[in-house]
Novice: 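Dumping the structure here so I can ask a few things about it.
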Amino acid sequence: MSALVVEQLLNGLQFGIMLFLLAAGLTLVFGIMGVINLAHGSLFMVGAYAAALVAQASGHWWLGLLAGLAAAAATGMVVEVAVLRRLYARDHLDQVLATFGLILFFNQGITMLFGRQPLLVQLPPGFAGSIEIMPGLPYPSFRLLIIAVGLLVALGLYWLIQHTRIGMLVRAGATHRDMVRALGVDIRALYTVVFGLGALLAGLAGVMAGPVSNVQVGMGEQILILTFVVVVIGGIGSVRGALFGALLVGVTQTLLSGFVPGWLRQVMAGSEADALGAALSSMGVYVLMAVVLLVKPRGLFPAHA
Amino acid sequence: MRNALPLAVLLAGAIALPWAAEALGQPATIGLATRILCLGIAAASLNLILGHGGMVSFGHALYYGLGAYTVGILWEHFRLGEPIFGVIPGSNELLVTLPIAMLVAGVAAAVIGALSLRTSGVQFIMITLAFAQMGFFLFVGLKAYGGDDGLLVRRRNLVPGLDLRQPDQLYWLCLGFLVAWLFLQWRIVGSRFGRVLEGIRQNERRMAAIGIATYRYKLAGFVIAGMGCGLAGALTANELRFVSPDLMAWQKSGEIMVMVILGGVGTLLGPVVGAAALVGMEYVLGGITENWQFFLGPILLAVVLWAPGGIMGLLGRGARRG
Amino acid sequence: MVEPVLRVQGLRKRFGGLAATDDVSLEVRPGELHALIGPNGAGKTTLIGQLTGEITPDAGQVVFCGEDITRLSVAARVKRGLARSFQIVQLLDDDTAEANVALAVQARAGHSFRFWRAAGRDAALLEPARALLEQVGLARHDTRVADLSHGERKLLELAMALAARPILLLLDEPMAGLGAAESLAMTETLRALKGSVAILLIEHDMEAVFALADRITVLVYGRAIATGTAEEIRANPAVQDAYLAEESSP
Amino acid sequence: MHIQRRFLMAGLGLAPLAAPSFAQGAPLKIGMITTLSGPGGYIGQDIRDGFQIAIDQEQGRLGGQAVQVLVEDDGFRPPQGKAVAERFLRNERIKLFTGVIFSNILGAVAPDVLDGDAIYVSPNAGPSNFAGRECHRNYFVVSWQNDSLHESAGELANRLGYRRMFILAPNYQAGRDALAGFRRLYKGEVVQEIFTRLDQTDYAAELAQIRAARPDAVFQFHPGGLGIAFLRQYAQAGLLASIPQVMPAPSMDAGTLAAVGDAAEGVNLSSHWNSDFANPASLAFVAAFRAKHNRMPTYYAQQSYDTARAIGAALRQTRGSIEANPFRTAMLRADFASTRGNFRFNTNQHPIQDWFSLKVERVNGQLAIVTKDKILENHADVFAAQCRI
């Protein structure tokens, strides 16, 4: 394999990991509470902003990380208690409208507080450079860190869900909502905890995205739709599905945008090929989702039997 | 008809709006109102499948955009004098472009609906979104029709006997189409077909058990709604004199859906009221503060939490009390 | 010998490792009231699902009036005269009882691609609907379904199934949740129907079953272990074992 | 405050606003349609603030005429820009417009403004179509024609001796103009060309292709937030040390520099202006801007300031009238001291001006954009030849 293909695969993996961090929380909330939360991207943004601001003020990236996680989790739990809790019994339409309202509120609120200029986030010390992973292929060490963190989170979630009491309730909640209720578990507390966990992961994604792309208003919505695609491809409520779907979407998207314009350029004029190639590669993941849903309407790893 | 009087008053008010706007020195309000009418048609047609058929399509802006692009592309070829694919001539006649726009949107809805309706629930929401996104990126990539930048429609379409360059005439035309569409939809909702759609919304399993092949009725509803959006898009293209992939972005689908919910799901006038409320709030709040979205967000939230039937629900409650 | 209305042959359905339907065969004769009984978890629901078309069998055949309908959709089976009622009522809760039945009448009356005339005032739909409601003895025509009592809804289920003018009626526990008086009324309604239409009755209320059924099939662990008249079933040792086993288990 | 953020109104916009009036002494209304929301929002802020500096310098006047600037957000959406233009034209009866940042929005706004017999003076976007065949007598550009930014970057690449270039820009009108403009004066070989997406935030896939292609240098045009992400990822990928970058000014303004940080060091830029210019007009502008806003002005602020000054110069000659013919004649004389030095209008009413090379360097430990050489003198765009006014 050429260095280019390896690098593009790594890029796809890293992008997939980002999507996984967002999708894991979303799929749990979706699967257990049955809530479509469009404002999940706002939690991503809150995490990124808190991390950037604290890192800037304190000069310590790792302090920023903690702040980002705390801010996202806290915001998530407040949102759950104040708003979403009232929407569990409603249909999807009401949830869409309410969380759409939340997006507007968060985006404009952040604009009012911190302005429109994207924020500068430094890389954490020791991760500013790149590592030569193959002769002639240096790769940014921070992106490797993202991959590592994501895989660790995946392992941690696996352990949490398979081997802890909360995990047992989460699993049961995704398949037999009424049974968990019947067990006498404090469902409200469980929901708040799960929502906080999802928000924490979204915040983690935001913190990790900060130094790579921009910390700016609206950053959550750009990635939100793809996150939904991941959740649906993977199967709603399934963390394993979210991981698999995220990697599939990340690698597909990256490889398509990396190679399709090049292939097209061999058969047509350069700028036409680029325009069409960009369109085709953007369409790719949606085609993927449509095909998956037509073949397996409940996604690849459906949680509900 | 119990509702005849308020409806007549409302219609008379709508017809008189251009004169009022001129008299008050607010001529641009006519353009704003025209946009509301167009979005009202789009929202009403989404309501047919969403409110009456229980199909939550999150990709309805696609048909809106396709309707608009049909007008734009026909104009572009008319302007250049080059037939499409060397066969189909361009056109700037509304009586030609409008039916074609509805046809294009209807065909697209038939194909997409035929595939999407194999799923249901959240999967249906997402698959309709997926198809809309494909359309969006397709038009972003179509350089011949402006790509990301969109396509300019320098002159509005021609209609015998009307001059659409006059904002008030365009307004009345759109008002006519809105009233016609609402009337048509009112008949459909009350018809045997409408009863079947309504039954599917309430309990699809029951409908199958009385011998109704639900798939084809849902598909028919989906196509009708798509054509309504195509009509709305075609009128919008004339109003804006500009089309761009923006018109079929997922945000637009969300916006149309918000209008339906805000106004009142499953009601005749709700979607139009919702369109007026959303566009109006954008305009009014936007005039008061740069940070208008900061206030719009909680307003939407409040509607969901405390006014589940939307604005029509609130009005109904008020009427019952009064 | 008369061609049976329904002939089920070697039907199998597995969910994971569990055989929910295991080589079931049974026949329903014209005009017969055939009861299907069995302890909880015997696979009655899965069998019904395969007869109505909601579940596709792994193997076997469902033949209705001489036609193989194993692969037909739910709606297509209803069109051929195989109607059902639901154990857990499936109705249009926002509409009146009359509107519910009118819709079922409409479904029987041909396709519904009619977009213009108001269906709500169509006498061709409303009159048969009222007649059906009277036939099952449901008086509150104009009450919203959500406001009807449980017993009334069970009657409405029956009326909607009858609207399809069925050859075979699949009744999934029509007595479930009814009080003693209501059960009795339902038994009388079914007795009145008997003979005019073949009925496959799934029921837990043994009193009703033995009072009504011409023949009875007993389903245990997905298998049809016996078929016969009430007398034969009562005397069958295998049936006694199955029911005793259930009663002795927690 | 002479810049008002619109006006209050009640009901569905039916209540009367301030009565439109052209009476003597009433301030002249100028409609500014610009992008205040989204990632490009800070550019609109600078366009607004730069314009206001010129008005402040005359205590609420431009060229002696009292003015009132109405600022509206186009939301980075062409249809919204059009809607604002319509309202300004019809409700407010505004006849003088400015402010649009992005070419695609200008493409939607300008035809309405020009069809409505109003004047448009661009402080930023200068797409090729309006410079050539579709040029218009009421349409002026004070900033630059889009291609010039990139032609100057092509000339800069020549001067730096880069023989093999990898070029990228977003896939929209200005991006396509950018790559075409770069090729026009660049004499070496373009090894690969990529169009990125306008909503892209991760450029890893493109960076991998750059590494594989091994060019002498990279030319890229990514305005605002896009450029910040691109540059930062470029540095993280370790490309900054091995493959230098050439870019036009909009890819690296003072705001971008602050957000990118060290990743910007060593970048080569071409520009028509820089905040370290020593001419009196520029010094006065930079001082006034910094005093008021406590930040360095960007190119956008400077362009907008010059736009206001150009309008002011014309208003002084017409004594406050914006009657199309006299105003146009007065505008074309460009009788003002531009912050960039040489400035005059070409036949297509776009600038003829000088272009300079800049470099991001460390000055006293702080990163700064430092002006180097003049690379093009009295440069005009190539589209003027197609324009018939």
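Worth saying up front: this structure is predicted, and the values here are computed from it rather than measured. By convention in this document, chain letters (A, B, ...) are assigned in the order of the sequence lines, proteins followed by strands, and residues within each chain are numbered from 1.
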Novice: Counting heavy-atom pairs under 4.5 Å to chain B, which of Gly277(A), Ala98(A), Gly109(A) comes out on top?
Specialist: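 Looking at each option in turn, the highest pair count goes to Ala98(A).
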
Novice: What option among Pro297(A), Ala290(A), Ser282(A) has the most heavy-atom pairs under 4.5 Å with chain B?
Specialist: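 Highest number of pairs under 4.5 Å: Ser282(A).
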
Novice: Which distance, rounded to the nearest 0.5 Å, do you find between the CG of Leu293(A) and the CE of Met126(B)?
Specialist: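 Reported to 0.5 Å precision, the distance equals 8.5 Å.
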
Novice: Checking Val285(A) against chain B: side chain, backbone, both or neither under 4.5 Å from a heavy atom?
Specialist: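 For Val285(A), there is no contact with chain B at all, as no heavy atom is under 4.5 Å.
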
Novice: Within the structure provided, determine whether Val232(A) and Ile125(B) are in side-chain contact (heavy-atom separation under 4.5 Å).
Specialist: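 Sidechains of Ile125(B) and Val232(A): no contact.
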
Novice: Measuring only between side-chain heavy atoms, which start at C-beta, is Val96(A) closer than 4.5 Å to Met257(B)?
Specialist: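 SC-SC contact between Val96(A) and Met257(B) confirmed.
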
Novice: Kindly check if the number of other-residue, nucleotide or ligand heavy atoms within 6.0 Å of OH (Tyr217(B)) is above 12?
Specialist: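 Count over threshold, so yes.
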
Novice: Is it the side chain or the backbone of Ile36(A) that comes within 4.5 Å of chain B heavy atoms, both, or neither?
Specialist: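 Looking at Ile36(A), just its side chain touches chain B.
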
Novice: How close do Ile225(A) and Gln133(B) get, heavy atom to heavy atom, and via which atoms?
Specialist: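 In this case the closest contact between Ile225(A) and Gln133(B) is CG2-NE2, 4.2 Å.
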
Novice: Once you round to the nearest 0.5 Å, how far does CG of Leu104(A) lie from CG of Leu300(B)?
Specialist: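 Leu104(A) atom CG to Leu300(B) atom CG measures 6.5 Å (nearest 0.5 Å).
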
Novice: Please look at Glu221(A) and chain B and tell me whether the side chain, the backbone, both or neither of the residue comes under 4.5 angstrom of a heavy atom of that chain.
Specialist: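 Both backbone and side chain of Glu221(A) come within 4.5 Å of chain B.
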
Novice: What part of Leu142(B) lies closer than 4.5 angstrom to a heavy atom of chain A: side chain, backbone, both or neither?
Specialist: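 Neither part.
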
Novice: Name the option with the most non-hydrogen atom pairs under 4.5 Å to chain A; the candidates are Gln251(B), Arg118(B), Gln123(B).
Specialist: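 When all of Gln251(B), Arg118(B), Gln123(B) are compared, Gln123(B) has the most.
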
Novice: State whether the number of non-hydrogen atoms from other residues, nucleotides or ligands found under 6.0 Å of Arg216(B) atom CZ is greater than 12.
Specialist: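 No - once you tally the heavy atoms of other residues, nucleotides and ligands closer than 6.0 Å, there are 12 at most.
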
Novice: Based on non-hydrogen pairs under 4.5 Å, which of Leu102(A), Val287(A), Thr111(A), Val229(A) is most in contact with chain B?
Specialist: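 Of the options given, most contacts go to Val287(A).
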
Novice: If we define contacts as heavy-atom pairs under 4.5 Å, which of Thr119(B), Leu129(B), Ile261(B), Leu138(B) has the most with chain A?
Specialist: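 Most pairs with chain A among the choices: Ile261(B).
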
Novice: Calculate, to the nearest 0.5 Å, the distance between atoms CZ and OH belonging to Phe136(B) and Tyr286(A) respectively.
Specialist: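 That separation rounds to 9.0 Å.
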
Novice: Chain A: which of Pro298(B), Ala144(B), Gly297(B), Gly135(B) shares the most heavy-atom pairs with it under 4.5 Å?
Specialist: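 Going by pairs under 4.5 Å, I would pick Gly297(B).
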
Novice: Please classify the contact between Val260(B) and chain A as side chain, backbone, both or neither, with a heavy-atom cut-off of under 4.5 Å.
Specialist: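 Neither part, no heavy atoms under 4.5 Å.
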
Novice: Considering all heavy atoms of both residues, which atom of Ala279(A) and which atom of Gly141(B) are nearest to each other, and what is their separation?
Specialist: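 Here Ala279(A) and Gly141(B) meet closest at CB-CA, 3.6 Å.
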
Novice: Could you tell me which portion of Val258(B) (side chain, backbone, both or neither) has an atom closer than 4.5 angstrom to a non-hydrogen atom of chain A?
Specialist: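 Contact with chain A involves both backbone and side-chain atoms of Val258(B).
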
Novice: Chain B heavy atoms under 4.5 Å from Leu87(A): which part of the residue, side chain, backbone, both or neither?
Specialist: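 Just its side chain gets close to chain B.
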
Novice: Only pairs of heavy atoms separated by less than 4.5 Å count here; which of Leu296(B), Val122(B), Val140(B) has the most with chain A?
Specialist: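 Of Leu296(B), Val122(B), Val140(B), Val122(B) has the most heavy-atom pairs under 4.5 Å with chain A.
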
Novice: Would one find more than 12 heavy atoms of other residues, nucleotides or ligands at under 6.0 Å from atom CZ of Arg85(A)?
Specialist: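 Yes, enclosed.
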
